[in-house]
Amino acid sequence: KESIKLDPRYVKGYYRLGSAHMLLGHYKDAQKVFKRVTILRPKDASARQKYKQCTAEVKRQAFEEAIKTEDAEPLCETIDLNGFHVPDNYAGPRLD
């Protein structure tokens, strides 16, 4: 961070900071840093790739957070199979 404070256009400092954030699992912070790198060096393929990785991970984490439930039992454990009525003439697969 100090190198960036001394020279806000020091791309190597941003790149190292973004990589450190990624290794620590701070993908939102890394995404912001690599966005800055892609602005400073638009043709840097490695920075664009890292930015895409961070963006994908941020989206994945947001999705997991959105579908997370608290103290919910798995659906397979809440269904009572004996409560279903199966007609005698049913010819399909059966659970025995």
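Position 1 is the first residue of the sequence; numbering continues from there. Note that this is a predicted model, so its numbers are computed, not measured.
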* **Residue pairs, two or more places apart or on separate chains, that pass salt bridge (Lys or Arg N to Asp or Glu O under 4.0 Å) and touch residues 2-18** =>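 Qualifying pairs: E2-K5.
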* **Pairs flagged by salt bridge (Lys or Arg N to Asp or Glu O under 4.0 Å) wherever residues 39-64 is involved - sequence neighbours left out** =>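 Sorted pair list: E57-R60, R60-E64.
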* For the pair Q49 and Q53, evaluate side chain to side chain contact (heavy atoms under 4.5 Å, CB included) and give the outcome as yes or no after the intermediate values. => CA-CA 6 Å; Q49 177 64 27; Q53 287 175 335; 3.9 Å; yes
Looking at [atom1] of [X] and [atom2] of [Y], how far apart are the two atoms once the value is rounded to the nearest 0.5 Å?
X	Y	atom1	atom2	result
C54	H21	SG	NE2	10.0 Å
D29	M22	CG	CE	12.5 Å
D80	E77	CG	CD	13.5 Å

* Asked: ring-ring contact (aromatic ring centres under 6.0 Å, His included) with Y15: which residues, sequence neighbours excluded?
  ->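 Y15 satisfies ring-ring contact (aromatic ring centres under 6.0 Å, His included) with F34 once adjacent residues are dropped.
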* To do: Go through the steps to decide whether I4 and Y14 satisfy the test side chain to side chain contact (heavy atoms under 4.5 Å, CB included), and finish with yes or no.
  => CA-CA 7 Å; I4 296 169; Y14 284 105; 3.3 Å; yes
* Working for side chain to side chain contact (heavy atoms under 4.5 Å, CB included), residues Y51 and V33 -> CA-CA 8 Å; Y51 176 73; V33 173; over 6 Å; no
